[in-house]
Amino acid sequence: MISGATVDVTIRGAGIFGLATAWSCARRGARVRVVDPNGPGAGSSGGLVGALAPHVPERWNAKKAFQFDSLIMAETYWAEVAATGGTSPGYARSGRLQPIKDEAHLMLSTDRADEADELWQGKAVWAVVAAESYPNWAPVTPSGWLIHDTLTARMAPRRAAAALLAAIRAKGGEVTTEAPDEGRVIWATGWQGLIELSEELGKPVGNGVKGQSVLLQHAAPDMPQIFADAVHIIPHADGTVAIGSTSEREFDAPDTCDAQIDEVLTRARTICPAIAKAPVLERWAGVRPRAKSRAPMLGEHPTKPGQFIANGGFKIGFGMGPKVGEMMADLMLDGHDSIPEDFRVAASL
Ligand SMILES: Cc1cc2nc3c(=O)[nH]c(=O)nc-3n(C[C@H](O)[C@H](O)[C@H](O)COP(=O)(O)OP(=O)(O)OC[C@H]3O[C@@H](n4cnc5c(N)ncnc54)[C@H](O)[C@@H]3O)c2cc1C
């Protein structure tokens, strides 16, 4: 606790990185205030997709290890968030299917099962299964075989943001649109923050990459998500299936949808015949924060002495969020710095 201040931590930005940091601080007893002029989940964290998917289990590195830890801790993390605030994030470790295109891919996939045994420490499985194991859901697969992993999970981004918000409030935290700095200060301001920082430093340290997605009405809540032909197909708990996403470095408007998402949807319907006729409920676009290093940008703020930054979640911000929040709370509250080299601010400067 900092004497004289009404809060111990001011968090600027109410996306997944800001809310996860606020939650990790609040659950340790710190008084937190989240400040976002646009309100919670107004940025890329307010979307539809919600894949919490691992990298392939080979050529292990610090980034993959970090992501693995975050995915493994997600189950208890989201359960605690739901129990504290009484709001479900729609989390389930429901796994993932990927088509196997030919004999060579089949051999590679089988080898990766052995690597996963070791690298995933027996906590999750990467297996080759027959497509018939998933009638009425399996993606089209030329070999008749699929990769099934049990590490991949899903959650509903908007519900996850609402669940964190409820849990933070249950611990006495505040969320507001405007407030002065008090206590420790962290900037988790997404792609706009990266653009502002680039302007301040006079060199690019990151940018925004737009993504469009679409939500279908189709109930398959217990089925694994599908990843094929660069498309994510994610069944959610509420009888919907989310499809993502485009990846656009150049864009005029951050929040509009166009024919590019229709092309992704056509691919998704071809990959997974079960959703061929599923009605469209919503189209949504957001802008992912991509740091120059492509990894998260965590640590002391490069232009605001004594303050902190958590940015660069890029395509897997929800997957990394739980561990990012914990690491930032360690650093800000306890002075304990366990940020991997690749994730340091310096890696993007
Ligand atoms: C189409 C699409 C699909 C995606 N799919 C997935 C997926 O399946 N799995 C996954 O893990 N990730 C996915 N992502 C990526 C994920 O959404 C992002 O990595 C994540 O949301 C980034 O979170 P953030 O908190 O850093 O930023 P944001 O959610 O953008 O939050 C930043 C917040 O800062 C606020 N802000 C800006 N300036 C200020 C200021 N000066 N003061 C205070 N607040 C400010 C904004 O209003 C905003 O609310 C997807 C992204 C998109 C666009």
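Counting starts at 1 for both ligands and their atoms, in listed order.
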Looking only at distances, please establish whether an N/O atom of ligand 1 is found under 3.5 Å from an N/O atom of [X].
{"X": "Pro289", "value": "no"}
{"X": "Trp191", "value": "no"}
{"X": "Gly41", "value": "no"}
{"X": "Gln212", "value": "no"}
{"X": "Gly319", "value": "yes"}
{"X": "Gly18", "value": "no"}
{"X": "Trp284", "value": "no"}

Against heavy atoms of [X], which atoms of ligand 1 measure under 4.0 Å?
{"X": "Gly50", "result": "7 (C), 8 (O)"}
{"X": "Ser245", "result": "1 (C), 2 (C), 3 (C)"}
{"X": "Val35", "result": "43 (C), 44 (N)"}
{"X": "Gly286", "result": "53 (C)"}
{"X": "Val49", "result": "3 (C), 5 (N), 8 (O)"}
{"X": "Ile316", "result": "10 (C), 11 (O), 12 (N)"}

* Point-to-point distance, once rounded to the nearest 0.5 Å, from OG1 of Thr141 to NE2 of His105 ->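 Taking OG1 in Thr141 and NE2 in His105, the distance rounds to 8.5 Å.
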* **Atom pair OG (Ser109) and CH2 (Trp126), whose distance is rounded to the nearest 0.5 Å** =>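 Rounded to the nearest 0.5 Å, the OG-CH2 separation comes out at 6.5 Å.
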* Is ligand 1 less than 4.0 angstrom away from at least one heavy atom of His232? ->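 It does not; every heavy atom stays at 4.0 Å or beyond.
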Closest to [atom] (judged by heavy-atom distance), picking from [options]:
{"atom": "atom 21 (O) of ligand 1", "options": "Pro37, Gly15, Ser45", "answer": "Ser45"}
{"atom": "atom 22 (C) of ligand 1", "options": "Ser44, Gly313, Gly39, Gly317", "answer": "Ser44"}
{"atom": "atom 50 (C) of ligand 1", "options": "Arg288, Met297, Met155", "answer": "Arg288"}

Indicate, as side chain, backbone, both or neither, the part of [X] found under 4.0 angstrom from ligand 1 when only non-hydrogen atoms are considered.
{"X": "Leu19", "result": "neither"}
{"X": "Met320", "result": "neither"}
{"X": "Ala188", "result": "backbone"}

* Asked: Given Phe308 and His301, is the ring-ring contact (aromatic ring centres under 6.0 Å, His included) satisfied, shown in steps?
  -> CA-CA 4 Å; Phe308 299 87; His301 199 288; 9.5 Å; no
* Validate the cation-pi geometry between Lys304 and Trp187: distance from NZ or CZ to the six-membered ring centre under 6.0 Å, angle to the ring axis within 45°. =>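 Satisfied, under 6.0 Å and within 45°.
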* Asked: How close do His236 and Leu48 get, heavy atom to heavy atom, and via which atoms?
  ->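 Here His236 and Leu48 meet closest at NE2-O, 3.2 Å.
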* **Identified salt bridge (charged side-chain N to carboxylate O under 4.0 Å, His left out) partner of Asp69 from the options Lys63, Lys123, Lys323, Lys64** =>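 Among Lys63, Lys123, Lys323, Lys64, the one that satisfies the salt bridge (charged side-chain N to carboxylate O under 4.0 Å, His left out) with Asp69 is Lys323.
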* In this structure, are over 12 heavy atoms from other groups packed under 6.0 Å from Arg159 atom CZ? ->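 Counting other residues, nucleotides and ligands, CZ of Arg159 stays at 12 neighbours or fewer.
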